[in-house]
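Data first, discussion second: the structure below is written as structure tokens.
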There are 2 protein chains.
Amino acid sequence: MNTNQADDALLALAQSFREALRQSVYVMRRLDSEEQLSSAQLGVLKMALDGGARVGGIARNLGVKVPSATEQIIKLERAGLVKREADPDDSRAVRVAATAAGRAAVENADRRRNEYIAGILGTLSQAERDAVEAALPVFDKINHSVQN
Amino acid sequence: MNTNQADDALLALAQSFREALRQSVYVMRRLDSEEQLSSAQLGVLKMALDGGARVGGIARNLGVKVPSATEQIIKLERAGLVKREADPDDSRAVRVAATAAGRAAVENADRRRNEYIAGILGTLSQAERDAVEAALPVFDKINHSVQN
DNA sequence: CCTAACAGTTAGGCTACCTAAATATCAAGT
DNA sequence: ACTTGATATTTAGGTAGCCTAACTGTTAGG
């Protein structure tokens with residue numbers, strides 16, 4: 001039956017996709033293990049760059065629960081990379097802002113990680129890089145479908 | 001300069017790639033959170049399917065250290081999904097083999113996860129699915145470059 | 001035999017996540 | 001004003017998965 005064939009193809013693709021996901025987790029771990037700033041902290045810090053991120057927003061954006069975001073923010077604060085201040089408009093809320101040191105740390109971490117990945121991408125053929133580039137927006141779309 | 005332009009393009013692609021990696025971790029977490037068998041355990045269990053996986057091999061294959069593999073194996077053993085037995089050829093070594101229940105659990109977990117992902121893939125256009133399919137082998141290549 | 005290398009387990013510790021409960025503030029309705 | 005329900009964050013306590021260091025037992029080469 002045609003629908004079954006289509007389903008089978010989809011399931012096979014899903015299987016390969018899952019394998020890529022698994023490896024991605026592994027790659028992220030390696031990438032993290034060679035840096036001072038964890039990717040969880042880097043994610044929080046990036047959101048604090050504009051100067052007025054709220055805890056709930058950070059959590060939502062990162063796909064974690066609010067207490068997990070608070071935890072990372074406290075660590076960053078202790079490291080002097082962000083500061084927490086009361087929201088002038090809503091005293092329940094907290095504004096998280098990157099300090100100058102935080103800003104520098106993001107740039108550093110981002111650069112180092114990008115260079116590492118770029119080094120690997122540089123060993124690929126142009127066709128391979130094109131394939132990656134073409135797939136990234138689709139990956140993004142898939143990843144957002146998982147939300148919640 | 002030409003090389004700098006090329007580098008910039010590579011760095012930009014690296015940045016997007018990293019973003020996809022970050023989201024992959026998130027997706028894996030969601031996927032895991034709705035299942036009984038964690039993906040760490042599923043990985044171990046799959047390697048025990050053929051009946052004679054060794055702890056060191058499992059660890060290497062999964063990209064974790066030996067004690068981490070042992071930990072997962074013990075959990076699976078307690079759940080009755082694998083059994084550990086002495087290697088007849090080398091008494092230092094341990095053979096990890098899936099039980100019938102373990103075999104069934106893998107099939108179940110794999111099917112459910114694949115169906116979930118296939119469901120999402122099914123909402124994409126054929127062109128988008130093609131883009132994913134074309135990129136997966138390249139992802140694989142990149143991921144293996146990170147080894148060690 | 002002895003010793004170095006190897007296979008695994010145990011012990012102890014870390015990070016990042018989670019849920020539930022506490023605190024404080026806000027916004028509405030009365 | 002006053003209560004009440006919703007919202008924002010923190011605190012407390014717990015889990016999973018990973019790591020390194022140290023220990024036990026086995027093997028293999030000199």
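Chain letters run A, B, ... following the sequence lines, proteins first and then strands; every chain starts at 1.
For R129(B), the salt bridge (charged side-chain N to carboxylate O under 4.0 Å, His left out) test picks out no residue, with sequence neighbours left out. Take R29(A) and apply the salt bridge (charged side-chain N to carboxylate O under 4.0 Å, His left out) test, not counting sequence neighbours, and it matches no residue. Contacts of K75(A) classified as side-chain hydrogen bond (donor to acceptor under 3.5 Å, both in side chains), with partners at least two apart in sequence or in another chain: none. With sequence neighbours excluded, the residues that form a ring-ring contact (aromatic ring centres under 6.0 Å, His included) with F139(B) are F139(A), F17(B).
Of all the residues in residues 81-93 of chain A, R84(A), R92(A), A93(A) reach under 4.0 Å from DNA chain D with at least one non-hydrogen atom. Using a 4.0 Å cut-off on heavy atoms, none of the residues of residues 37-46 of chain A approach DNA chain D.
Rounded to 10 degrees, the angle separating the terminal helix axes of the helix from dC1(C)-dG30(D) to dT30(C)-dA1(D), each built from five base pairs, is 10°.
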Between the protein and nucleotides 1-4 of chain C, which nitrogen or oxygen pairs are less than 3.5 angstrom apart?
none

What nitrogen or oxygen pairs link the protein and nucleotides 18-21 of chain C at under 3.5 Å?
unit_1	atom_1	unit_2	atom_2	d
dC18(C)	OP2	K65(A)	N	2.8
dC18(C)	OP2	S68(A)	OG	2.7

In residues 65-72 of chain A, what donor-acceptor pairs under 3.5 Å come from side-chain atoms, sequence neighbours left out?
unit_1	atom_1	unit_2	atom_2	d
T70(A)	OG1	V66(A)	O	3.3

Output side-chain donor-acceptor pairs under 3.5 Å for residues 97-110 of chain B, partner residues at least two apart or in another chain, one line each.
unit_1	atom_1	unit_2	atom_2	d
T99(B)	OG1	G80(B)	O	2.8
T99(B)	OG1	L81(B)	O	3.2
T99(B)	OG1	A101(B)	N	3.4
T99(B)	OG1	G102(B)	N	3.0
R103(B)	NH1	L49(B)	O	3.2
R103(B)	NH2	L49(B)	O	3.1
N108(B)	OD1	R111(B)	NH2	3.1
D110(B)	OD1	R18(A)	NH2	2.3
D110(B)	OD1	K46(B)	NZ	3.1
D110(B)	OD2	K46(B)	NZ	3.3

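Read 5' to 3', the first and last nucleotides of DNA chain D with an atom closer than 4.0 Å to a heavy atom of chain B are dA16(D) to dT27(D).
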Side chain to side chain donor-acceptor pair (under 3.5 Å) evaluation trace for S38(A) with D32(A): CA-CA 6 Å; S38(A) 74; D32(A) 263 23; 5.1 Å; no

